[in-house]
Every structure is written in structure tokens, then in C-alpha cells.
K.L.:
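First the structure, which I've put down as C-alpha cells, then a few questions once you've had a look.
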Amino acid sequence: MSKLQLRIDRAAREPVSEQIAAGLRAAIREGRLAPRARLPSWRDLASQLGVARGTVSAAYERLLDAQLIVSLGAAGTFVAEHLPPSSRPREAVAVPSAPVGTIPSFPGRSGIFQMANPAQDLFPAKVWARIMTGAVRATSHARQINPDPRGELALRGEIAAYLSLARGLPCTAAQVFVTTGYAGSLSLAVQALGLRGTAAWTEDPGYPTTRRCLHALGVEPVPVPVDAEGLVVDEGMARAPDAALAVVTAGQQAPLGVALSARRRQAILAWAERARAWVVEDDYLGELQLGARAAPSLVAAGEGARVLHVGTFSKTISPMLRLGFLVVPADQVERFARHAAVLPPAPAPLLQLAVAAFLRDGHFLRHLRRTRQVYAQRRAALVACLDAASATYIAAGLTVLLRLAPGVSDLALAQSLAAHGLTPVPLSPWYAQPGPENTGLLLGVADLRVETAAETCARLLALVRLG
């Protein structure tokens, strides 16, 4: 209870029960105990404070009389949801929300058209709960050893099998490193390859986090334009001929949705080989590409000797896992293993073992198959509404890019839409140096319901026109 700062002074004239009540009252008033927060049971709190249960009971009775807490019997005792005005928390320090213009990397507003998060209504929660329970049992009976910094072998093996089957990427468990997500994979790659102080090609427009992460790692991002065939390799060589790295979304470019053409694939692989540079393939959608068949990995043809493949489970399972993976060439395994051992560790073995079972038992592929079908239906419903309104848009993976008139501030528009429960991501921050024509809204389709798509789309377009 140190968090609540409950101090008992047995020499004080004030009864102990009143001291406890005063401490809890202060914690509620100062916001350290939020509305609906659960309080310890009489027995637990009495044990922690070294007092009789009746003393704690008397303190709770005082707070009940003051309508600061409510008792729900066997369910427990909670801070009241609606507190008297005199006991409401003081103005709390605001929790920062994600900057408008980026895909949130920490808690921000959620709403319809949100990007990056998977549809909650499609996830097999009961199956996952059962698997997590099994993982808890497995880890509780396992011999206590230090976790493998490369990740649990069971998960690395399942990832290798999945990538070979679904993405055409021949690899073994030894080549797979489990990370804390996309940024964790990029960090491991840059540090293991000794790329600090070099330059890297980045797509323009492209994922803003890539540029920020490279900056933090001491690598200079060099924006390279994207056209209908993907990243323009010739332009990259002209802008940064000595670059040591290129980061590409080859399967489906974010945010424009184009796939890297066969010609460009060959060009970027040839450049990497000739320049002794590296390519990081951000396979951010994986099997959730909504085309007839997901584009294969850059190394599917067996020519990617200088390609690092990055993926996560954020869009397929949950971003709450913060679980990603990095696949490295076979001749780089030892180097990466040495660096993985001294960098921040992979996520908890419990989560890794649960994801391994989710893959091994076939739940993952079944979930992906169902999710792709539903996402395609939801995107089609949104596209039909935009067509009916003669809107200008591009269907790009799990998003639809709604174009805005040149000069319209998509940042300000996204901010105003959030107040109406609509949270698309503005396009302009995806450009290194956005111009007045680089304006738009990225509409995520994952949580859009087909039956309400027309109404939601009409509301969005009306607000856009007003904005």
C-alpha cells in the first residue's frame, strides 16, 4: 500500500480507523485511486497494515457513509464512480495522446477508421484464453532458466514454418529473432550490422516511425519517392549513392498500397549486392494483403542474401503483445545472436509460448483466413459509399486513402473528426516534406461494420465538407 501512502501512527490521538479512512480519502481526492478502482479486502488491508480487520471495516464504513466507495458484496469494494464534488480528484496530469499525424505508438484516441489495430470482434478470444491458460501451466512447471535472448525456440520454429508456407520465405528457426515489435527489429538490425553514422533510403511517403527510429539510432533517413511500381531505386542511388540500408514495404506500400514491381525488386536486390548494403523488408501486412494472393517476400526467389525480413503480430493478433520478429540471412546468425544477448530482451516467454501454440494448432491461419474475408467485405462497403459520393480515393491494403483538396489541413481535419468518434490518420506526416498537394485521410477498415458503413461514410464526408 506504499502507493497509497497509508501511514499508521499508533501514538497519535486520532483512532487508527480514522487514519486509514483519511489516507484513502486523500488518495481518492488526489486521483491516486481512480473512480471504479478496486480496494483491497478488509482481510488483505488489515494484514498489510498490521491492524485488526474490524479497524479496516470501521474505516470502510466511514467512506461508505461519505459515498466515496461502494460495496458490491462478494464482488468487492470499489471507489464510487460518481464522487461528491468536494471529493473529486484534483486536476490530474494529462496523459499524452498520440500525436495527430502518426500511427499511435502509445495510448491515444480510438474510434471508427482507426489504423493499425485489428478488429476486436473477429479475434477468437475464447481460444486465446484457453491457450494462455495452457501457457501459464507450462511455464509454472518448467525448469527455471534464463530466457533465450533470441526468443523461445518453439515460437521461432513456428514463425519459420509459417513464413516458409505463407510468405515463400525459406528460413530456419535459427534465423528468426523474436523482438519487441517493428522498432525493436529495426534497432537490432542497425546495431548488429554496425550502421550508426550511415544513411538509409526510406520511402516517401512512408511510415513516419521508420524515420524517427532511424534518427534515434544514428542513421540518416534519405527520403526516396514512390511511384506506381514502388520505391524508385534509381532516385535512391542518385540521392544517396553511399547509403548502407534501404527500408521498403515491398508487399504493399504504406500508405499508397502499391506493390514493388518485379523490375524494382531485381533493381534493389542488385543494388544491395553491388553496394554491399542491406535491405530491410517491412512485411507490415503479411498475409493480410487483400489482393487475390499476397505478394511474396523479397527473399522468396532465393536471391535476398542481403535482405532482413521484419514482421509483427500487431495487425494479426494484437498490438498489445508488442511482439515482432526479424529474419536474418544464415551467414549473419552468429553476429545477430551476439547483439541480441546484450540488447533489451524479447517479450515474456509466457506470451511467446502462447503465440507459438496459436500458430502450431492452426488457429492463426484460420483467424487470418476469416479476417481477410471480413476485411475485404468492409473495405468494399466503404469503397461503394465513396463511389456513390464521387469521392477521390485509393484502396490501399487495410486502409482507404481519401484524397482532399490541395491546401486543406488534414492535421486540423483529423483533430476535429476525433471529437465525433472518427479517427482517421492524416496523410501529410507520411511525407518527409509535405506539400499542399500531399493531403488526405487514411481510413482504416478493420472496425468498420458493413451494416452501418453507408451511414458512417456519409457522416464522415459531411464533416469533411464542413471542415
K.L.:
Rounded to the nearest 0.5 Å, how far apart are CZ of Phe325 and CZ of Phe177?
P.N.:
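One gets 14.0 Å once the value is rounded to the nearest 0.5 Å.
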K.L.:
Would the distance check show the side chain of Gln175 and the main-chain N or O of Val328 forming a donor-acceptor pair, the cut-off being under 3.5 Å?
P.N.:
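Side chain of Gln175 to backbone of Val328: a pair is present.
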K.L.:
Is there a side-chain contact between Tyr60 and Leu24 in this structure, where contact means two heavy atoms from C-beta onward sitting under 4.5 Å apart?
P.N.:
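SC-SC contact between Tyr60 and Leu24 confirmed.
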K.L.:
Work out which heavy atom in Val56 is nearest to a heavy atom in Trp42; give both atom names and the distance.
P.N.:
CG1-CA, 3.9 Å
K.L.:
Can you find a heavy atom in the side chain of Phe78 that is under 4.5 Å from one in the side chain of Ser71?
P.N.:
no
K.L.:
Using a 3.5 Å distance criterion without hydrogens, assess whether the side chain of Ser187 forms a donor-acceptor pair with backbone atoms of Ala183.
P.N.:
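No, Ser187 side chain to Ala183 backbone: no donor-acceptor pair under 3.5 Å.
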K.L.:
Would you sort out whether Gln191 and Leu343 count as a side-chain contact (heavy atoms from CB on, under 4.5 Å), showing the intermediate values?
P.N.:
CA-CA 9 Å; Gln191 296 187 62; Leu343 291 177; 3.4 Å; yes
K.L.:
Flag the pair Pro345 / Pro149 as yes when at least one side-chain heavy-atom distance between them is below 4.5 Å, and no otherwise.
P.N.:
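They are not in contact (no side-chain heavy atoms under 4.5 Å apart), so the answer is no.
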K.L.:
Looking only at heavy atoms, which two atoms of Ala346 and Gln352 are closest? And how far apart?
P.N.:
CB-NE2, 3.6 Å
K.L.:
Going by atom types only, do Ser41 and Asp44 share a side-chain donor-acceptor pair under 3.5 Å?
P.N.:
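A donor-acceptor contact under 3.5 Å links the two side chains.
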K.L.:
Whether the side chain of His363 engages the backbone of Val127 through a donor-acceptor N/O pair (distance < 3.5 Å, no angle test) should be reported.
P.N.:
no
K.L.:
Hey, are Tyr182 and Thr210 close enough side-chain-wise for a donor-acceptor pair under 3.5 Å?
P.N.:
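On atom types as modelled, these side chains qualify, holding a pair under 3.5 Å.
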K.L.:
Please check if atom CZ in Arg366 has more than 12 non-hydrogen atoms from other residues, nucleotides or ligands closer than 6.0 Å.
P.N.:
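Yes, the 6.0 Å shell around CZ holds more than 12 heavy atoms from other groups.
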K.L.:
Working to the nearest 0.5 Å, report the span between CZ of Arg372 and CG of Leu290.
P.N.:
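Here the rounded value is 7.0 Å.
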K.L.:
Using modelled atom types only, decide if a donor and an acceptor are shared between the side chain of Arg322 and the backbone of Ser314 within a distance under 3.5 Å.
P.N.:
no
K.L.:
Where the side chain of Thr423 meets the backbone of Gly111, is there a donor-acceptor pair that is under 3.5 Å apart?
P.N.:
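Checked: pair present.
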K.L.:
CD of Gln120: more than 12 outside heavy atoms within 6.0 angstrom?
P.N.:
no
K.L.:
State, without any angle test, whether Thr209 and Arg212 hold a side-chain donor-acceptor pair at a distance under 3.5 Å.
P.N.:
yes
K.L.:
Where the side chain of Trp201 meets the backbone of Val224, is there a donor-acceptor pair that is under 3.5 Å apart?
P.N.:
no
K.L.:
If you look at every heavy atom in Pro329 and Trp278, which pair is closest and at what distance?
P.N.:
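Minimum heavy-atom separation between Pro329 and Trp278: CG-CZ3, 4.1 Å.
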K.L.:
How about Tyr162 and Phe364: are their ring centroids closer than 6.0 Å?
P.N.:
yes
K.L.:
Do any N or O atoms from the side chain of Arg459 and from the backbone of His420 form a donor-acceptor pair under 3.5 angstrom?
P.N.:
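Yes, the answer is positive, given that a donor and an acceptor are paired below the 3.5 Å cut-off.
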K.L.:
In plain terms, say whether Asp121 and Arg378 are close enough for a salt bridge, that is, a side-chain N and a carboxylate O under 4.0 Å apart.
P.N.:
yes
K.L.:
What is the distance from atom CG of Leu443 to atom CG of Leu448, rounded to the nearest 0.5 Å?
P.N.:
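The CG atom of Leu448 is 9.0 Å from CG of Leu443, to the nearest 0.5 Å.
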K.L.:
For Trp128, I'd like to know if atom CH2 has over 12 heavy atoms of other residues, nucleotides or ligands within 6.0 Å.
P.N.:
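Buried by this count: over 12 neighbours within 6.0 Å.
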K.L.:
Keeping Thr249 on the side-chain end and Ala254 on the backbone end, is there a donor-acceptor pair under 3.5 Å?
P.N.:
yes
K.L.:
So which atom in Ala396 and which in Pro255 form the shortest heavy-atom distance, rounded to 0.1 Å?
P.N.:
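Answer, listing the atom of Ala396 first, then Pro255: CB-O, 3.4 Å.
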K.L.:
Are Arg156 and Val178 packed together at the side-chain level, in the sense that at least one heavy-atom pair is separated by less than 4.5 angstrom?
P.N.:
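Arg156 vs Val178: side chains touch.
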K.L.:
Do Leu353 and Leu155 come within less than 4.5 Å of each other through their side chains, counting heavy atoms only?
P.N.:
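Sidechains of Leu155 and Leu353: no contact.
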K.L.:
Would you compute the distance between atom CG of Leu427 and atom CG of Asp410 and round it to the nearest 0.5 angstrom?
P.N.:
6.5 Å
K.L.:
Kindly indicate, with the supporting measurements, whether the criterion side-chain contact (heavy atoms from CB on, under 4.5 Å) is fulfilled by Val279 and Leu245.
P.N.:
CA-CA 6 Å; Val279 177; Leu245 180 69; over 6 Å; no
K.L.:
Just so I know, are the side chains of His309 and Leu298 near enough to count as touching, which here means a heavy-atom distance under 4.5 Å?
P.N.:
no
K.L.:
Report the C-alpha separation of Leu195 and Thr198 in whole Å, then their side-chain angles, then the decisive distance to 0.1 Å, and conclude whether the side-chain contact (heavy atoms from CB on, under 4.5 Å) test is met.
P.N.:
CA-CA 6 Å; Leu195 300 182; Thr198 65; 3.7 Å; yes
K.L.:
Answer yes or no: is there a side-chain heavy-atom contact under 4.5 Å between Leu442 and Pro424?
P.N.:
no
K.L.:
Find the distance between OG1 (Thr456) and CG (Asp447) and round it off to the nearest 0.5 Å.
P.N.:
11.5 Å
K.L.:
Which atom pair, heavy atoms only, marks the closest approach of Pro118 to Ala446?
P.N.:
C-CB, 4.3 Å
K.L.:
Does any non-hydrogen side-chain atom of Phe113 lie less than 4.5 Å from one of Thr399?
P.N.:
no
K.L.:
Between OH of Tyr284 and NZ of Lys315, what distance do you get to the nearest 0.5 Å?
P.N.:
7.0 Å
K.L.:
With side-chain contact (heavy atoms from CB on, under 4.5 Å) as the test, would you mind laying out the steps for Gln252 and Leu288 before giving the verdict?
P.N.:
CA-CA 10 Å; Gln252 192 156 63; Leu288 284 180; over 6 Å; no
K.L.:
Between Val310 and Ser185, what is the shortest heavy-atom contact and its length?
P.N.:
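Closest approach of Val310 to Ser185, heavy atoms only: CG1-CB, 3.8 Å.
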K.L.:
Output yes when a side-chain donor or acceptor of Arg264 lies under 3.5 Å from a complementary backbone atom of Leu231, and no otherwise.
P.N.:
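Pair found, side chain donor or acceptor close to backbone of Leu231.
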K.L.:
Determine whether a donor-acceptor pair (N or O, by modelled atom type, separation under 3.5 Å) exists between the side chain of Ser409 and the backbone of Ala412.
P.N.:
yes
K.L.:
Run through Leu163, Asp361, Leu359 and flag the one making a side-chain contact (heavy atoms from CB on, under 4.5 Å) with Glu158.
P.N.:
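By the side-chain contact (heavy atoms from CB on, under 4.5 Å) criterion, Glu158 pairs with just one of Leu163, Asp361, Leu359: Leu359.
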